[in-house]
Amino acid sequence: MADDYPEILSVECLRRPPKQEIKPEEMDEKVKERTIDRTSQIVLRKAMEDGTDTVWDRIERQTPHCKFCIEGVSCQRCAMGPCRIMGGDRTRGVCGNDADLIVARNLLDWVAMGAAAHSDHGRDVVEAVLKGATGEAPEYPVKDVEKLNLLAREYGINTDGTTRQIAERLALAMMEEFGTIRGNLQMINRAPDASLQIYEKADILPRGIDREVVEAMHRIHMGVGNDPYDVVMHGFRAAMSDGWGGSMQAQEMSDVLFGTPDIRTSRVNLGVLKEDHVNVALHGHNPVLSEMLVMAASDPEIVTRAKNVGAAGINLVGLCCTGNELLMRKGIPQAGNHLDQELTIITGALEAMIVDYQCIFPSLPFTAACYHTIVFSTSPKGTMAGSEYVEVEPENAYQQSKRMLEKAIDNYPNRQADKILIPDDPVEAMVGFSVEAIKKALGGTLKPLLDAISSGKIRGAVGVVGCNNPHIKHDYGHVSLAKELIKRDILVVETGCAAIASGKAGLLQPSAINMAGDGLKEICGSLGIPPVLHMGSCVDNTRILNLVADLANLAGVRIDQLPVAGAAPEWYSPKAVSIAEYFVGTGVSTLLGVMPRVGGSPYVTKMLTDDIEHLMNAKFWVEPDPRKACAILYDHIEQKRKMLGM
Ligand code: BF8
């Protein structure tokens, strides 16, 4: 094996502290309190028996949390503090800011962080397209030429010449949008004119993608954004630059490079690991890496090497959003969602976990040290202490992918039989509902969907999206809400970890129509599709934007007039905050199952849950209880229907 790998740091197994001992007779109950997924329960119990520390143990040790932080009224923005707004005579920080301003700045900070993460991911995908086109990274040719040409025309680009020439022009035009001085971003023009007028009036039309994030950072510096209203409003503009800019570029250009997803069936949950294979989990977000690993895994040299160590082959499995990307384009099985990342290692059957960036627990190498798993980090901006770092760029991605797989194979004999526990029965899931795939299923147009909504057979649609958060029982928020919604004939479209939760619960199977109301059952049944549609990863929330824009254009109404809504029942990440703000900014009211850190400011809370509706015709709700959440969403949809005279 290559001997030029950097030295691996000595890392110690991350054990649960002895004072947090869990008695064997308490384990079953405890796993049921923590997760509803059967396979996660099985492996979580193993973690308890092994004494391996998990996210659930750590949150227990962190509880109770600082109440000022929960309410968003602690400020660490400068060195005159830190400050907390505690009431009494402490209603202002050292600089003189109050609770409203502190909350507003903290919120904008989160939006900027989320928008930056998505958009930087988008830039990486566009860069891969560019390098594929110029020949610097020949492993990245254009797969969906039709989409490339459509996008080129949308950007007003000359489509004469070769595919590579068009790809180069388009990539450069998209990159230019990060710092554009042209005005607004191109793809937001997909929204109906009447919606664009609302965005313009609310002053949330995004300018350059980087500009909105940089301006957000400027505004939250002490002494700049001193009016909470404007600070919050800029968050919507920054989020719109994510939704209609960086994330949408990531989604569209991933389709260009790797193909637009189509409907297919695969399997989900920790049971997708295989006892007799070299198991490798691909974790993170960007398909630029994971697609190359899929290609490298079928390289004859790799296959032979796996056989030579006595394995039946290589078994690639996905986690989080890079898993979603592979699931919907390649049918690669998915081991789980955000809170399954440690459990995948704890099965004792994982030879390697290969990560790029975002949503990756920094503790993973230390979890891996309890077993035989090697954790590879690959991104120069996502390096991880304790991992084995193999730098991957588009130019070397194939070779580096092969090298990591070789190391994983060589690690197969290091498995300890007595530490292996792979749950059985992975669940089948129908995935890959890009807007293009939905249109194809409907005969080439969204008209049948619109007709079903107009007739009332389908009352409306809700995008249930986002993360897992150990503050909520794993998968419970997603699955319970989706079940409630489909029961009321509301079509559910899902992305990210929410979609995986539904997959594990069997809601992505056509047979799940039996849990739906009569109208939804009839429509989905006639098409042979589930009542909950898997639309992909978190940057694929922009597929939902495209869907609502298409529906609104078809119906001749604004997006905010449609009987639709968003929901993020278990969100945890700043990226989810950005998504939620671009949903609302676009005109899709959104329900959060976890309270954002704004409770310390009644002003900002009212602004988000009430006042902005007058400006954007959309707003936020916060409701952790899935039944009550469904009631809110149902009422909203019925009200929108009434206003449209449906
Ligand atoms: O981008 S849903 S936990 S994996 S942030 Fe992360 Fe949340 Fe999962 Fe994907 Ni999205």
Side-chain angles (χ1 to χ4, degrees), residues 35 37 40 55 59 110-111 113-122 124-125 239 242-243 246-248 250-251 254 268 281-290 317-328 334-344 353-362 364 379 382 431 463-472 474-479 481-482 493-504 534-544 566-583 590 592-594 596:
T35 173
D37 178 61
S40 305
V55 63
I59 197 173
W110 279 41
V111 175
M113 217 188 315
H118 282 144
S119 298
D120 206 39
H121 163 176
D124 285 343
V125 178
D242 169 1
S247 274
M248 197 168 276
Q251 177 258 117
S254 294
V268 187
L282 312 182
H283 179 18
H285 283 79
N286 196 331
V288 167
L289 168 67
S290 50
V317 300
L319 277 168
C320 287
C321 284
T322 212
N324 270 315
E325 301 268 357
L326 295 176
L327 184 62
M328 72 190 307
Q334 179 90 2
N337 46 11
H338 186 51
L339 293 192
D340 287 313
Q341 55 185 295
E342 292 168 311
L343 301 181
T344 311
M353 180 177 281
I354 303 177
V355 310
D356 52 21
Y357 43 53
Q358 298 171 18
C359 301
I360 293 151
F361 289 164
L364 288 181
S379 162
V431 298
V464 179
V465 307
C467 324
N468 298 131
N469 182 329
H471 283 289
I472 307 261
H474 178 213
D475 290 353
Y476 171 78
H478 297 308
V479 172
L481 179 60
V493 296
E494 295 198 340
T495 60
C497 293
I500 300 309
S502 283
K504 290 190 280 180
H534 175 280
M535 291 191 79
S537 66
C538 275
V539 293
D540 289 336
N541 282 313
T542 60
R543 296 191 199 277
I544 298 178
E570 300 179 35
W571 75 272
Y572 94 89
S573 100
K575 290 185 291 170
V577 181
S578 177
I579 293 165
E581 289 215 354
Y582 74 62
F583 266 36
T590 295
L592 305 174
V594 178

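Whatever order the structure lists ligands and atoms in, that order sets their numbers, starting from 1.
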Show all protein N/O/S atoms under 2.8 Å from atom 7 (Fe) of ligand 1, or state that there are none. Cys467 SG

Any side-chain heavy-atom pair of [X] and [Y] under 4.5 Å:
| X | Y | value |
| --- | --- | --- |
| Leu339 | Thr35 | no |
| His283 | Ile354 | no |
| Ile544 | Val465 | yes |

Do Ser379 and Asp356 get their side chains close enough for a donor-acceptor pair, meaning under 3.5 Å? no

Checking Lys575 against His285: is there a side-chain donor and acceptor pair closer than 3.5 Å?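 On atom types as modelled, these side chains qualify, holding a pair under 3.5 Å.
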
If you draw a 6.0 Å radius around OH in Tyr476, do more than 12 non-hydrogen atoms from other residues or ligands fall strictly inside? no

Could you tell me the residue and atom name of the protein heavy atom closest to atom 1 (O) of ligand 1, and the distance to it rounded to 0.1 Å? His285 NE2, 2.7 Å

